[in-house]
Amino acid sequence: MAFFIDNPSFPAGLKVIAIDHDITVLNTIEDMCNRFHYQVTKCNTASDALNLLERKDCFDVMLIDPHMPNMDAYDFVQHVTLQLNIPVIMMAVDFTTSSIMKSIQCGASTYLTKPLVEEEVKIMWQHVVRKGVTENKECEIVESLVVQECRKRGREDDKVSKETNAKKARLSWSPELHQRFLWAVNQLGLDKSRPKMILKIMDVPGLSVGHVASHLQKYRIHLKRSADETKPGKKKTKWSDSSQAEWIDQNRNDDFLAKWIDCGAGSYLHNLMA
DNA sequence: CGCTAAATAT
DNA sequence: CATATTTAGC
């Protein structure tokens with residue numbers, strides 16, 4: 001991506017993957033992309049898309065219709081945004097609030113309605129840039145916990161620890177980190193989730209097993225609370241539905257992994273587990 | 001060691 | 001209070 005942006009001919013050469021069941025739509029997109037010298041790869045089936053990404057072909061940005069046959073596009077988009085870390089642009093015929101909500105919540109960079117207009121295609125590289133910027137910020141945040149802030153431990157051991165006293169800051173679980181955490185838990189299944197494996201799947205530099213273990217403990221407590229809440233005839237719990245909403249993974253799906261395997265993907269997970 | 005629950009700190 | 005870290009015990 002950095003290579004792409006540093007390229008003097010800038011947005012020319014943008015590598016686009018377009019996924020849509022409708023060939024006509026793909027051809028239209030291809031025409032527009034060619035006009036701006038973007039390299040476009042067309043896919044009209046879920047398995048084609050998965051195979052292309054499986055081969056580690058790299059793309060700068062993905063266009064996808066959320067209503068693909070034989071595929072849960074939202075889970076797919078979540079995978080692409082978190083693991084491949086490229087922006088995803090949804091393109092659908094409807095523009096209901098719930099559709100847009102689902103798309104953005106699973107990580108899409110923006111939501112467009114079909115048919116796409118040329119200007120939208122022309123400037124879609126902005127999402128690549130934005131993704132890179134926020135990514136860097138995220139790295140800084142995580143790195144900062146290695147070098148920053150101090151704790152008032154010990155009295156005279158300042159000499160002893162000397163220049164090594166880079167005390168770590170308290171880790172803040174940003175929404176991005178938490179989403180990544182949820183993603184990892186989803187891959188493993190809640191019951192099979194263990195801190196070490198979660199950490200491996202999250203693959204966030206600077207993050208420790210202890211961090212994940214702590215977060216997992218908190219996460220389980222929140223889940224238990226919300227479960228207990230819905231069951232018995234609880235009166236008016238003061239925090240009923242608002243505060244814990246973001247803790248719940250609305251995409252939770254028990255046979256999620258199975259679906260991926262059926263689609264021919266998911267081998268990256270197996271590689272991790274080996 | 002790894003994991004979790006509990007205690008402790010911010 | 002909520003949340004992150006540390007500790008204790010399995």
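Below, chain A is the first sequence line, B the second, and so on; all start at residue 1.
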Interatomic distance, [X] [atom1] vs [N] [atom2] [rounded to whole Å]:
{"X": "A/Leu216", "N": "C/dT3", "atom1": "CG", "atom2": "P", "value": "15 Å"}
{"X": "A/His222", "N": "C/dC1", "atom1": "NE2", "atom2": "P", "value": "14 Å"}
{"X": "A/His215", "N": "C/dT3", "atom1": "NE2", "atom2": "P", "value": "9 Å"}
{"X": "A/Arg194", "N": "B/dG2", "atom1": "CZ", "atom2": "P", "value": "14 Å"}
{"X": "A/Leu207", "N": "C/dA4", "atom1": "CG", "atom2": "C1'", "value": "12 Å"}
{"X": "A/Met197", "N": "B/dC3", "atom1": "CE", "atom2": "P", "value": "9 Å"}
{"X": "A/Asp191", "N": "B/dC3", "atom1": "CG", "atom2": "C1'", "value": "16 Å"}
{"X": "A/Leu177", "N": "C/dT3", "atom1": "CG", "atom2": "P", "value": "15 Å"}

Do the side chains of A/Lys114 and A/Asp20 get close enough for a salt bridge, i.e. N-O under 4.0 angstrom?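 Salt bridge present between A/Lys114 and A/Asp20.
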Sequence neighbours left out, what passes ring pair (Phe, Tyr, Trp, His ring centres under 6.0 Å) with A/His127? Give chain and number order.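 Partners of A/His127 under the ring pair (Phe, Tyr, Trp, His ring centres under 6.0 Å) test: none.
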Results of ring pair (Phe, Tyr, Trp, His ring centres under 6.0 Å) for A/Tyr111 - residues two or more places apart only: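 Checked A/Tyr111 against ring pair (Phe, Tyr, Trp, His ring centres under 6.0 Å); zero matches.
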With sequence neighbours excluded, what pairs up with A/Glu118 under the salt bridge (charged side-chain N to carboxylate O under 4.0 Å, His left out) test?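 Per chain and number, A/Glu118 pairs via salt bridge (charged side-chain N to carboxylate O under 4.0 Å, His left out) with A/Arg35.
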For the residue pair A/Asp48 and A/Thr45, confirm or rule out a side-chain donor-acceptor distance under 3.5 Å.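 There is such a pair (donor and acceptor under 3.5 Å, judged by atom type) between the side chains of A/Asp48 and A/Thr45.
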Could you tell me whether the phosphate oxygens of C/dA2, OP1 or OP2, come under 4.0 Å of any side-chain nitrogen or oxygen in A/Lys218?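 No.
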Please, which pairs that meet ring pair (Phe, Tyr, Trp, His ring centres under 6.0 Å) have at least one residue in residues 24-48 of chain A, sequence neighbours excluded?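 Listed once each, the pairs are A/Phe36-A/Tyr38.
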Output all residues satisfying side-chain contact (heavy atoms from CB on, under 4.5 Å) with A/Ala184, sequence neighbours left out; order by chain, then residue number.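 Testing A/Ala184 for side-chain contact (heavy atoms from CB on, under 4.5 Å), a comparison that skips the adjacent residues, returns A/Ile198, A/Ile201, A/Met202.
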Among the nucleotides B/dC3, B/dT4, B/dT10, which one has an atom lying closest to any side-chain atom of A/Arg170?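 Comparing B/dC3, B/dT4, B/dT10 against the side chain of A/Arg170, the answer is B/dT10.
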Listed nucleotide nearest any side-chain atom of A/Ala213, set C/dA4, B/dT4, B/dG2: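 The closest nucleotide is B/dT4.
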Just the table, please: protein N/O against nucleotides 5-7 of chain B N/O, every pair under 3.5 Å.
| residue | atom | partner | partner atom | Å |
| --- | --- | --- | --- | --- |
| B/dA5 | N7 | A/Gln217 | NE2 | 2.9 |
| B/dA6 | N7 | A/Gln217 | NE2 | 2.9 |
| B/dA6 | N6 | A/Gln217 | OE1 | 3.0 |

